[in-house]
Amino acid sequence: MNTAKSFTLTGSDSRPYASPFKGDWGGHRGGKIYGRLDCPAALRAIARGGYVKNRVFFADEQTALSAGYRPCGACCKNRYQAWKSAKEKGEPWKP
């Protein structure tokens with residue numbers, strides 16, 4: 001009997017896949033936002049009963065970006081500001 005834990009992560013193509021490793025980043029499918037797993041805004045939304053059905057997990061930040069997600073303004077303020085500035089200028093952004 002296989003007792004290994006499996007985690008469902010989202011790939012750069014936005015499709016779920018099974019992984020033996022827990023993702024380092026979480027996200028919200030509806031808002032296309034990614035952030036830290038301990039993000040206070042996400043944790044508040046989860047506590048209110050929302051967010052969970054649209055929650056996704058990524059192995060790393062680059063995968064979240066490749067899937068079209070943007071940084072969270074609450075837990076990744078510097079990344080979000082840099083992303084927003086680049087977007088306003090019509091330039092690509094990478095962390």
Side-chain angles (χ1 to χ4, degrees):
M1 182 163 129
N2 186 356
T3 59
K5 182 136 175 100
S6 178
F7 299 92
T8 301
L9 302 182
T10 300
S12 58
D13 59 358
S14 295
R15 295 175 56 180
Y17 69 94
S19 171
F21 305 104
K22 183 177 177 180
D24 290 335
W25 296 87
H28 187 269
R29 185 181 302 113
K32 299 288 274 192
I33 299 168
Y34 76 90
R36 296 188 333 241
L37 296 177
D38 65 347
C39 175
L43 295 177
R44 280 191 304 273
I46 290 167
R48 289 190 309 265
Y51 198 88
V52 175
K53 70 178 182 175
N54 287 306
R55 190 124 195 238
V56 294
F57 299 93
F58 300 99
D60 52 47
E61 187 174 22
Q62 186 56 50
T63 303
L65 291 168
S66 295
Y69 287 67
R70 68 154 175 89
C72 174
C75 67
C76 301
K77 289 179 185 172
N78 292 339
R79 284 178 170 91
Y80 172 75
Q81 289 299 325
W83 170 85
K84 185 177 175 183
S85 177
K87 183 176 180 181
E88 289 170 351
K89 295 174 185 175
E91 299 172 352
W93 177 78
K94 290 190 177 189

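Remember, it's a predicted structure, so these values are computed and weren't measured experimentally. Note that these values count all heavy atoms, side chains included, but never hydrogens, waters or copies made by symmetry. Residue indices begin at 1 and follow the sequence shown.
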Quiz item: Looking only at heavy atoms, which two atoms of Leu37 and Gly23 are closest? And how far apart?
Solution: CD1-O, 3.4 Å

Exercise. Taking all non-hydrogen atoms of both residues into account, name the closest pair between Tyr17 and Ala59 and its distance.
Key: OH-CB, 3.9 Å

If you measure from [atom1] on [X] to [atom2] on [Y], what distance do you get to the nearest 0.5 Å?
| X | Y | atom1 | atom2 | result |
| --- | --- | --- | --- | --- |
| Thr10 | Trp25 | OG1 | CH2 | 15.0 Å |
| Cys72 | Ile33 | SG | CD1 | 6.5 Å |
| Asn54 | His28 | CG | NE2 | 4.0 Å |
| Asp24 | Phe57 | CG | CZ | 12.0 Å |

Does the side chain of [Y] come within less than 4.5 Å of [X]'s, by heavy atoms?
| X | Y | result |
| --- | --- | --- |
| Cys39 | Tyr34 | no |
| Lys32 | Ser14 | yes |
| Tyr80 | Arg70 | yes |
| Thr63 | Tyr69 | no |
| Ile46 | Arg55 | yes |

With a cut-off of 3.5 Å and sequence neighbours excluded, list every side-chain donor-acceptor pair involving residues 85-95.
none

Quiz item: If you draw the axis of the six-membered ring of Phe7, does the NZ or CZ of Lys5 fall within 45° of it and under 6.0 Å from the ring centre?
Solution: yes

Practice problem: State plainly whether one hydrophobic cluster holds both Phe58 and Leu65, where clusters connect Ile, Leu, Val, Met, Phe, Trp and Tyr through side-chain heavy atoms under 4.5 angstrom apart. | Solution: yes

Quiz item: Between the side chain of Arg36 and the main-chain N/O of Cys75, is any donor-acceptor distance below 3.5 Å?
Solution: yes

Quiz prompt | Residue list, salt bridge (Lys or Arg N to Asp or Glu O under 4.0 Å) with Arg79, at least two apart or on another chain | solution = Glu61

Exercise. Might you confirm whether atom CG of Asn78 has over 12 heavy atoms from other residues, nucleotides or ligands at distances under 6.0 Å?
Key: no

